[in-house]
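Just below is one structure, and these are the notes that go with it.
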Amino acid sequence: MFPDHRPRRMRTTAAMRRLTAETVLRPEHLVLPMFVSDAIAEPREITSMPGVYQHTDVTLLRAAHRAVEAGVGGLMVFGVPGHRDPTGSAGDDHDGVLNRALRALRREFGDDTVIMADTCLDEFTDHGHCGVLSVDVNGRERIDNDQTVQRYVDIALAQAEHGAHVVSPSGMMDGQVQAIRSGLDAAGYRHTSILAYAVKYASALYGPFREAVDSQLTGDRRTYQMDPANRREARRELDLDLAEGADMVMVKPASLYLDVLRETADHATVPVAAYQVSGEYAMIHAAGDRGWLDAEAMMDESLLAIRRAGADIVLTYAATEVAERLGS
Ligand code: PBG
């Protein structure tokens with residue numbers, strides 16, 4: 001009898017669809033990226049990211065409470081310093097904005113949520129690069145990989161000391177995971193985990209983030225972040241970070257790189273995270289605000305697609321709202 005097969009039977013009711021769904025999105029899968037600034041007296045909404053704020057110390061805690069109560073899996077904190085210099089010294093300053101915030105969050109939440117710190121220099125440098133600059137043997141100014149990695153170790157140590165459960169090197173320097181692991185171990189922070197931004201592309205989707213952290217960058221990051229053209233290289237970056245001791249790995253951005261995410265998830269032997277970045281969030285909201293699409297439905301579908309492609313953990317600026325909608 002035509003047709004022999006009727007897949008639609010599994011779609012007949014909402015209950016049947018729920019029973020047979022292959023992918024689920026739950027609050028605990030979500031991590032909320034947050035910005036804390038010591039250059040402001042009141043929280044400031046980021047123009048291109050409605051609902052996302054640069055927080056003060058006080059409002060950061062309030063927003064963190066709301067996220068934790070909604071059941072999100074973790075918080076990823078970025079610092080926006082009032083003072084910047086060539087080596088990003090605010091990053092490992094014990095009273096620097098990010099370290100202060102980590103201290104406050106850990107005091108407030110203990111081990112009830114996972115506190116993650118962005119381990120990078122770009123927010124803290126006056127040139128906006130993720131590394132320190134030096135003049136090479138040919139007289140050209142370059143991002144100095146090995147000096148930068150030493151700075152990451154100092155910053156990771158400060159973050160571990162001030163309460164981060166997870167440090168997250170996002171600068172795409174070679175050897176950063178190995179150096180941070182050795183540094184943490186030597187100082188006794190054997191339980192501090194490393195979420196490695198293993199596969200991070202030089203993407204136009206980071207545009208709104210530059211406003212979020214008052215980035216001083218001119219130019220681009222193409223000498224350290226990956227070329228969007230490359231897929232095989234993602235496997236190389238993944239294998240290196242696993243060999244260097246990454247506890248979790250990340251693919252970033254998420255939605256334009258679902259192929260890479262799938263491949264990473266198929267080969268990783270550790271949990272895999274994907275970062276739905278600022279531009280992905282901004283596009284969904286901008287189209288929603290114009291009534292061109294349903295922003296909530298679009299957000300849910302985007303996050304589900306990222307999970308379907310293999311992410312265990314999804315970083316998204318919509319984490320709190322989505323978690324509240326899903327219910328914990
Ligand atoms: C670098 C960093 C960036 C983002 C996260 N970590 C900026 C960049 O690489 O240019 C972007 C995140 C986003 O766009 O949401 N520390």
Side-chain angles (χ1 to χ4, degrees), residues 30-37 46-54 74-81 84 88 90-92 96-98 116-132 143 148-149 151-152 155-156 159 164 166-173 176-177 180 194-228 237 249-257 273-286 299 302-303 306 313-319:
L30 305 175
V31 168
L32 177 67
M34 308 183 83
F35 303 103
V36 58
S37 170
I46 296 150
T47 324
S48 47
M49 300 174 74
V52 181
Y53 291 83
Q54 279 186 358
L75 310 171
M76 169 70 79
V77 194
F78 294 87
V80 184
R84 295 186 172 87
D92 52 333
V97 61
L98 180 50
M116 306 178 171
D118 183 55
T119 309
C120 202
L121 280 172
D122 62 310
E123 295 94 358
F124 301 108
T125 53
D126 54 10
H127 46 72
H129 275 295
C130 297
V132 290
I143 312 292
T148 298
V149 166
R151 293 290 301 125
Y152 290 173
I155 293 172
Q159 295 174 340
V166 178
V167 296
S168 318
S170 61
M172 290 299 282
M173 296 297 140
Q176 62 187 13
V177 173
I180 289 172
I194 300 176
L195 165 55
Y197 284 62
V199 182
K200 178 172 177 181
Y201 288 92
S203 175
L205 288 167
Y206 306 146
F209 178 91
R210 303 270 159 88
E211 180 195 339
V213 298
D214 297 336
S215 175
Q216 306 297 304
L217 184 73
T218 51
D220 60 55
R221 306 194 194 285
R222 290 179 189 277
T223 69
Y224 41 106
Q225 298 177 347
M226 286 174 58
D227 184 340
E237 288 284 2
V249 291
M250 190 195 291
V251 174
K252 176 183 176 184
S255 58
L256 289 186
Y257 297 86
Y275 198 145
Q276 185 196 53
V277 301
S278 57
E280 299 177 71
Y281 179 91
M283 288 195 296
I284 291 171
H285 274 269
M299 181 58 73
S302 171
L303 295 173
I306 294 165
I313 301 161
V314 187
L315 286 84
T316 171
Y317 297 98

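First listed ligand is number 1; within each ligand, the first listed atom is number 1.
Nearest non-hydrogen protein atom to atom 3 (C) of ligand 1 is F209 CE2, 3.3 Å. Scanning all protein heavy atoms for the shortest distance to atom 11 (C) of ligand 1 gives K252 NZ, 3.1 Å. In terms of protein heavy atoms, atom 8 (C) of ligand 1 is closest to R221 NE, 3.3 Å. Remark: minimum distance from atom 14 (O) of ligand 1 to any protein heavy atom is reached at S278 OG, 2.7 Å. The single protein non-hydrogen atom nearest to atom 2 (C) of ligand 1 is K200 NZ, 3.2 Å, given as residue, atom name and distance.
Under 4.0 angstrom from ligand 1, the non-hydrogen atoms of Y275 all belong to its side chain. Proximity of D118 to ligand 1, defined as any heavy-atom pair under 4.0 Å, is confined to the side chain (atoms from C-beta onward). Contact annotation for D122 and ligand 1: only side-chain heavy atoms (C-beta onward) come within less than 4.0 Å of the ligand.
Below 4.0 Å from some heavy atom of R210 lie the following atoms of ligand 1, by number and element: 8 (C), 10 (O). In the vicinity of Y317, heavy-atom distances shorter than 4.0 Å reach the ligand 1 atoms 12 (C), 13 (C), 15 (O). Atom numbering of ligand 1 starts at 1 in the shown order; those under 4.0 Å from a heavy atom of E123 are 16 (N). Of all the atoms in ligand 1, the ones that sit under 4.0 Å from a non-hydrogen atom of C120 are 16 (N).
Put simply, the side chain of L121 does not reach to within 4.5 Å of the side chain of M173, judged on heavy atoms.
Between Y281 and F209, the distance from one ring center to the other does not fall under 6.0 angstrom.
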Checklist entry - For S170 and K200, what are the C-alpha separation, side-chain angles and deciding distance, and is it a side-chain contact (heavy atoms from CB on, under 4.5 Å)? => result CA-CA 8 Å; S170 61; K200 178 172 177 181; 4.0 Å; yes
Item to check | Criterion side-chain contact (heavy atoms from CB on, under 4.5 Å) on S37 and Y53, from CA distance to verdict | outcome: CA-CA 10 Å; S37 170; Y53 291 83; over 6 Å; no
Checklist entry - Stepwise, does the side-chain contact (heavy atoms from CB on, under 4.5 Å) test hold for H129 with T148? => result CA-CA 10 Å; H129 275 295; T148 298; over 6 Å; no
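Between the side chain of S168 and the backbone N or O of T119, no donor-acceptor pair lies under 3.5 Å.
Not close to ligand 1: E280, with no non-hydrogen atom less than 4.0 angstrom away.
Ring orientation note: the planes of Y275 and F78 are tilted relative to one another, at an angle of 30° to 60°.
Residue S170 has at least one N or O atom closer than 3.5 Å to an N or O atom of ligand 1.
At a cut-off of 3.5 Å, with distance as the only test, no side-chain donor of S302 or E280 sits close to an acceptor on the other residue.
If you run side-chain contact (heavy atoms from CB on, under 4.5 Å) between M226 and each of R221, E237, K252, only E237 comes through.
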